[in-house]
Amino acid sequence: VGSEMCIRDRLHTWSLAVEEQFYLLFGVLILILRRWATVTTPLLLLCAAASLGLGWLVMDSSPKTAFYLIPTRAWQMSLGIMAFLVAQKSAPWSGRRWPTGGRYFGVALLFYSILAFDESDHFPGPQTLIACGATFAMLVLIAKTEIGSLTLLTSGPARYLGKLSYSLYLWHWPLIVFTILMLQRELFWYEAAAALLIALLLAQLGYQYLESPVRRRTLLTSPRHLLGTMGACSALIFVLGAGIVATNGALFRYEEPVRTLLLAAQEQTPYRCPKIFRVLNARSEICVLRDTGEGEPVSYTHLTLPTTPYV
């Protein structure tokens, strides 16, 4: 993880935002296409191919766009839907031995995609394709065969981590970031391990006292209570977020001249070209600033400039 990313304690929530956006868009797509089920799969394949192609198109000129936004991430979630469709429509594979070996091979590919690449690899690149392709194959293989034959996924620790995965995902990154900010340096392996253990404990508490009671209707028992609480929490988050945006990150907390310096840092952009130009000309390395009237437009590069991390 880059040093700039290690000081953003809520950075990991971007994936939840992208996931929810996809669910909303896919739900609308299902409502539109429910009368034309035969075109759903081809359209899904087309959208996935367009999403992956867009990611390849912008990954060099705008890596953050390729990595963080729903249009360049939709193909991954489309793979999950296609895995379900393949598993649902294909014949059972019981009694065959090769699916078990295929699942172990998929696990090996996943570990390879973690260990063989580093942060210098762009998204979407070979690492992404290997990891997503292996996951797609494993989902289909697991759905069509007996999962009990793959003890790596049916072991107690694996099932326990799977049960706590959502809560653990929410807790792990803030703890790591706050530890880095507190120590003002990168973490040693045992410090990172300690942070993850604390995150595991908090995840267990969250799962036991919040997630499970809500799912089992022992907390917020009626739909009215559930929707009311969700609405109130959403409104509170919206008001707090709007206040933070309106005050440029609550800059009133700082005295002058620090406040002015931080405001200037927020207004700094790593790009020289307008956003609309970068979207319409993702591969271009120059943009027109103005026409001099002499037939030669003034242009400059819109490659990223070195920026100073926020204080």
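Just the heavy atoms: all of them, side chains too, but no hydrogens, waters or symmetry mates, feed the values below.
- The number of heavy-atom neighbours closer than 6.0 Å to CZ of Arg224, taken from other residues, nucleotides and ligands shown, is 12 or below.
- Atom CZ in Phe26 sits 7.5 Å away from atom OG in Ser78 (nearest 0.5 Å).
- Side-chain contact check for Pro124 versus Trp56: some heavy-atom pair is nearer than 4.5 Å.
- Put simply, the side chain of Thr72 gets close to the backbone of Thr65: a donor and an acceptor are under 3.5 Å apart.
- Rounding to the nearest 0.5 Å places CZ of Phe84 at 13.0 Å from CZ of Phe136.
- The closest donor-acceptor contact from the side chain of Ser51 to the backbone of Cys47 lies at 3.5 Å or more, if one exists at all.
- Leu69 contributes atom CG, which lies 7.5 Å from atom OG of Ser62 (distance to the nearest 0.5 angstrom).
- Here the CG atom belonging to Leu115 is positioned 11.0 Å from the CG atom belonging to Leu110, to the nearest 0.5 angstrom.
- Across all their heavy atoms, Ala131 and Ser113 have their closest contact at CB-OG, 3.6 Å.
- The two atoms that bring Leu54 and Pro71 nearest to each other are CD2-CB, 3.7 Å, heavy atoms only.
- The CG atom of Leu200 sits 11.0 Å away from the CG atom of Leu175 when rounded to the nearest 0.5 Å.
- For Ala48 against Met82, the heavy-atom pair with the smallest separation is CB-CE, 4.1 Å.
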**OP:** Go through the steps to decide whether Leu129 and Leu52 satisfy the test side chain to side chain contact (heavy atoms under 4.5 Å, CB included), and finish with yes or no.
**Re:** CA-CA 10 Å; Leu129 297 178; Leu52 179 59; 4.3 Å; yes
Subject >> Test log, rule side chain to side chain contact (heavy atoms under 4.5 Å, CB included), inputs Ile176 and Ile180 >> reply: CA-CA 6 Å; Ile176 291 175; Ile180 290 174; 4.0 Å; yes
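- Here the shortest heavy-atom pairing between Val18 and Tyr68 reads CG2-O, 3.3 Å.
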Original post:
Can you list the steps and then say if Trp171 with Leu205 is a side chain to side chain contact (heavy atoms under 4.5 Å, CB included)?
Top reply: CA-CA 11 Å; Trp171 280 110; Leu205 294 175; over 6 Å; no
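- You'll find the side chain of Gln76 stays beyond 4.5 Å of the side chain of Phe22, heavy atoms only.
- Summarising the geometry, atom CD belonging to Glu20 is positioned 7.0 Å from atom OH belonging to Tyr23; distances are rounded to the nearest 0.5 Å.
- The aromatic rings of Tyr169 and His172 lie tilted to each other, with the angle between the two planes from 30° to 60°.
- At distances below 3.5 Å, at least one donor-acceptor pair connects side-chain atoms of Arg73 with backbone N or O atoms of Phe67.
- Here the side chains of Leu29 and Leu25 are not in contact, with every heavy-atom distance at 4.5 Å or above.
- Heavy atoms from other residues, nucleotides or ligands lying under 6.0 Å from OH of Tyr166 number 12 at most.
- The 12-atom threshold is not exceeded at CZ of Arg216, counting heavy atoms of other residues, nucleotides or ligands nearer than 6.0 Å.
- Not one N or O on the side chain of Ser212 forms a donor-acceptor pair closer than 3.5 Å with the backbone of Gln208.
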**OP:** Go through the steps for Leu44 and Leu85 under the test side chain to side chain contact (heavy atoms under 4.5 Å, CB included), then give the verdict.
**Re:** CA-CA 11 Å; Leu44 190 63; Leu85 293 175; 4.3 Å; yes
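- By the 6.0 Å contact criterion, CD on Glu256 is enclosed, its count of non-hydrogen atoms from other residues, nucleotides or ligands being greater than 12.
- Of all non-hydrogen atoms in Ile70 and Gln21, the two that sit nearest each other are CG2-OE1, 3.2 Å.
- You'll find the side chain of Thr135 reaches within 4.5 Å of the side chain of Leu139, heavy atoms only.
- Under the 3.5 Å distance criterion, with hydrogens and angles disregarded, no donor-acceptor pair is assigned to the side chains of Glu191 and Thr179.
- With hydrophobic clusters built from ILVMFWY side chains whose heavy atoms lie under 4.5 angstrom apart, Leu45 shares a cluster with Trp75.
- Residues Leu16 and Glu19 form a side-chain contact, since some pair of their non-hydrogen atoms from C-beta on lies under 4.5 Å apart.
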